[in-house]
Amino acid sequence: QVQLVESGGGLVQAGGSLRLSCAASGRTFSRYVMGWFRQAPGKEREFVATISRSGGSTQYADSVKGRFIISRDNAKNTVYLQMNSLKPEDTAVYHCAAGQTIVPVTTATRYDYWGQGTQVTVSS
């Protein structure tokens with residue numbers, strides 16, 4: 001069992017930056033692929049970014065590529081999402097997720113554990 005707790009959300013103006021953190025419980029954090037997803041009101045949950053178990057491989061949604069950076073610190077059991085050049089359309093609840101997969105995946109159903117989420121609001 002893995003418990004995930006996100007933090008770092010908030011209200012920011014367009015063009016600003018935020019750094020989300022996701023702290024995981026347990027001793028097996030490095031065995032999980034980690035991902036970030038987001039869900040805006042009235043919309044489906046969508047993939048944002050994923051990172052391999054070692055941190056050496058990442059994938060991003062086209063909508064955030066070049067603006068967001070996912071990273072992880074296995075010694076701290078934490079995954080991060082650095083969000084730059086934020087846009088109003090980035091407004092959503094951001095969730096981190098842990099998956100028992102071999103390689104990073106972009107499909108939500110491949111993840112086994114989810115955090116409660118943190119709200120990100122970008123004003124224009």
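- Put simply, the side chain of D112 gets close to the backbone of Q100: a donor and an acceptor are under 3.5 Å apart.
- The side-chain heavy atoms of S123 and Q13, taken from C-beta on, include a pair separated by under 4.5 Å.
- In this view, Q39 satisfies the side-chain hydrogen bond (donor to acceptor under 3.5 Å, both in side chains) rule with no residue, not counting sequence neighbours.
- A pairwise comparison of heavy atoms in S124 and A14 identifies CA-CB, 4.4 Å as the closest pair.
- Remark: K65 engages D62 in a side-chain hydrogen bond (donor to acceptor under 3.5 Å, both in side chains) (not counting sequence neighbours).
- Of the possible polar contacts, one joining the R72 side chain to the S52 backbone as a donor-acceptor pair under 3.5 Å is found.
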Please determine whether side chain to side chain contact (heavy atoms under 4.5 Å, CB included) holds for the pair R53 and T101, giving the CA-CA distance in whole Å, both sets of side-chain angles, and the decisive distance to 0.1 Å.
CA-CA 9 Å; R53 293 178 292 183; T101 64; over 6 Å; no
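- Once rounded to the nearest 0.5 Å, the distance linking OG1 of T28 with CD of Q1 reads 10.5 Å.
- Between the side chain of Q116 and the main chain of V5, no donor-acceptor pair closer than 3.5 Å is present.
- You'll find the side chain of H95 reaches within 4.5 Å of the side chain of E6, heavy atoms only.
- Evaluation of the side chain to side chain donor-acceptor pair (under 3.5 Å) test over residues 79-91, restricted to residues two or more places apart or in two chains, returns S17-N84, R38-D90, R67-D90, Q82-N84.
- Nearest heavy atom pair, residue N77 against residue G26, reads ND2-O, 2.7 Å.
- Contact detail for Q119 and T121: the closest heavy-atom pair is NE2-OG1, 3.3 Å.
- The list of disulfide (SG to SG under 2.5 Å) pairs with a residue in residues 64-124, not counting sequence neighbours, reads C22-C96.
- In the hydrophobic clustering, where aliphatic and aromatic side chains (Ile, Leu, Val, Met, Phe, Trp, Tyr) are joined below 4.5 Å either directly or transitively, V12 groups with V2, L4, L18, L20, F29, Y32, M34, W36, V48, I51, Y60, V64, F68, I69, I70, V79, L81, M83, L86, Y94, Y113, V120, V122.
- Looking at every heavy atom in both residues, N74 comes nearest to S30 through ND2-CB, 3.6 Å.
- Enclosure of atom CZ in R45 by more than 12 non-hydrogen atoms of other residues, nucleotides or ligands within 6.0 angstrom is indicated.
- Between G35 and Y111, the shortest heavy-atom distance links the atoms N-CE2, 3.6 Å.
- For S25, the side chain to side chain contact (heavy atoms under 4.5 Å, CB included) test picks out Q3, with sequence neighbours left out.
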